Protein chains: 2
Amino acid sequence: MNKQELIRQIQEKKTFLCVGLDTDIKKIPQHLLTEEDPIFAFNKAIIDATAAYCVAYKPNLAFYESMGVKGWVAFEKTIKYLNEHYPNHFIIADAKRGDIGNTSAMYARTFFEEMNLDALTVAPYMGEDSVTPFLQYPGKWVILLALTSNKGSQDFQLTCNAEGERLFEKVLRKSQEWSNDENMMYVVGATQGRMFEDIRRIVPNHFLLVPGIGAQGGSLEEVCKYGMTKDCGLLVNSSRAIIYADKSEAFAEVAAAEAKKVAEQMAALLG
Amino acid sequence: MNKQELIRQIQEKKTFLCVGLDTDIKKIPQHLLTEEDPIFAFNKAIIDATAAYCVAYKPNLAFYESMGVKGWVAFEKTIKYLNEHYPNHFIIADAKRGDIGNTSAMYARTFFEEMNLDALTVAPYMGEDSVTPFLQYPGKWVILLALTSNKGSQDFQLTCNAEGERLFEKVLRKSQEWSNDENMMYVVGATQGRMFEDIRRIVPNHFLLVPGIGAQGGSLEEVCKYGMTKDCGLLVNSSRAIIYADKSEAFAEVAAAEAKKVAEQMAALLG
């Protein structure tokens with residue numbers, strides 16, 4: 001999906017919500033455990049219930065990989081289901097990959113060619129040749145980690161270089177030499193508050209993928225105040241607060257109600 | 001496997017070779033494609049042929065993931081085979097993971113509890129809480145990316161901070177607050193030459209995992225000259241130069257001969 005299409009989806013649906021499919025077999029409703037593939041059954045129900053209130057889905061691969069082969073089967077079925085039934089939703093694999101060129105190229109082939117995902121999160125530590133193999137696919141996106149939502153973001157991302165530039169700022173600046181706002185977004189945690197101002201000075205037009213509202217405590221209002229552009233420029237993710245809002249047989253309806261609540265806040269913030 | 005056991009294996013076998021199982025369906029001998037699981041058949045043959053000349057195996061997960069579910073099946077079979085038949089070999093999943101705490105914890109459970117791997121490569125960008133969940137398992141290791149073998153290592157890893165410390169040096173120094181030389185190693189590319197001197201000033205006793213000899217052009221002699229400790233302190237990886245040395249039916253024998261050649265150089269360098 002290209003940038004114009006994504007902006008149009010946001011404008012039409014008046015939401016910039018991304019629902020995080022961090023599906024954990026230990027947290028899904030008990031009654032689903034009798035299903036042939038409980039993880040896929042859960043995802044399908046959550047997707048069908050929330051699709052009207054979001055523009056994107058983001059399965060975090062760690063949750064699927066932690067279940068081994070079964071997890072990969074559920075992941076692939078989920079992506080196939082999204083591609084077939086919700087072609088207007090933007091699909092992000094939260095994978096945080098990044099390896100030497102030939103290895104990154106293999107990841108790119110898997111996620112973009114075979115699975116037809118729209119975007120992949122990538123870690124910047126290994127630099128240009130670990131990122132550029134992902135940029136060869138029109139309409140596909142790299143979402144580069146810039147300033148993450150966790151406490152450990154302070155350990156290296158905020159390190160100031162001799163020129164007074166912090167590492168996340170260098171990542172934002174340097175990566176623009178390889179890419180543009182039609183094929184790259186950045187991960188910025190909702191917990192970073194006013195730092196969005198600093199980020200917008202360097203990337204005024206890029207989309208940002210923002211995790212960390214809900215369970216991690218970030219504020220949607222603050223993110224919008226300091227991070228929103230005229231085209232919105234934000235995909236704000238919520239995982240646990242939506243998908244695990246309820247564990248009864250009504251879990252999907254409750255998830256829909258939670259997603260709707262966030263979408264209504266978003267509609268107001270879009271103005 | 002703990003540090004003393006690893007050192008003993010190196011001393012007994014007079015080799016510190018790690019064979020990289022970067023198995024690509026497009027590069028394995030044609031005659032294996034008729035096997036039920038060509039990837040596992042290839043790995044099994046390579047492992048049986050090279051086990052005498054190495055102390056470690058390192059499958060790079062990207063190669064397996066790029067084949068989807070089939071790839072994961074082959075990966076799990078390979079790990080199971082290694083655990084059952086070669087319990088004295090050190091098994092590294094080259095995964096370059098790193099995510100927020102609860103996600104890293106799920107990865108740790110998968111790789112250390114379920115698969116019984118010895119070590120996992122981890123990217124440092126997200127800081128302490130993305131790494132520490134992997135450090136809770138006795139005898140298991142984090143191998144943190146420090147100074148990688150690729151060209152892109154220059155983009156961020158060499159960035160000097162206001163105190164004159166380069167990012168990879170800060171990673172080495174800071175991570176010692178969370179770990180020690182019994183549960184952490186560092187990735188340092190063989191292509192980095194004399195930089196090993198700088199690294200040894202900060203981590204004089206840690207093991208280093210060194211990719212980049214062979215196809216990537218690093219020098220084994222130089223790595224040993226500047227990076228070896230009295231306990232060896234090195235696991236030097238070779239992938240393509242060994243496993244794809246030949247594509248005929250004799251591929252495993254040729255791989256064994258290549259591994260033996262490297263092991264003989266290593267024996268001489270161990271003195």
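None of these values were measured; they are calculated from a predicted model. Sequence lines set the chain letters: A, B, ... in the order given, protein chains first and strands last, and positions in each chain run from 1.
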If you count heavy atoms of other groups shown closer than 6.0 angstrom to CD of B/Q30, is the number above 12? no
Between B/G164, B/A108, B/A146, which residue shows the highest count of heavy-atom pairs closer than 4.5 Å to chain A? B/A146
Below 4.5 Å from any heavy atom of chain A, which atoms of B/S149 appear? Answer side chain, backbone, both or neither. side chain
So, do A/R240 and B/N102 sit near enough that their side-chain heavy atoms are less than 4.5 Å apart? yes
At a 4.5 Å cut-off on heavy atoms, which part of B/D99 comes close to chain A: side chain, backbone, both, or neither? both
If you measure from the Lys or Arg side-chain nitrogens to the Asp or Glu carboxylate oxygens, is any gap between B/K151 and A/D129 under 4.0 Å? no
Which distance, rounded to the nearest 0.5 Å, do you find between the OG1 of A/T103 and the NZ of B/K96? 6.0 Å
Would you compute the distance between atom CG of B/N161 and atom CG of A/L158 and round it to the nearest 0.5 angstrom? 12.5 Å
Could you state the interatomic distance from CZ (B/F75) to CD (A/E65), rounded to the nearest 0.5 Å? 9.5 Å
So which residue, B/Q154, B/E165, B/R97, ends up with the most heavy-atom pairs under 4.5 Å with chain A? B/R97
Just to verify, which of A/N150, A/D155, A/V187 counts as forming a side chain to side chain contact (heavy atoms under 4.5 Å, CB included) with B/M126? A/N150
Quick check on B/S153 against chain A: is it the side chain, the backbone, both or neither that has a heavy atom closer than 4.5 Å? backbone
For B/V171, which atoms come within 4.5 Å of any heavy atom of chain A: side chain, backbone, both, or neither? both
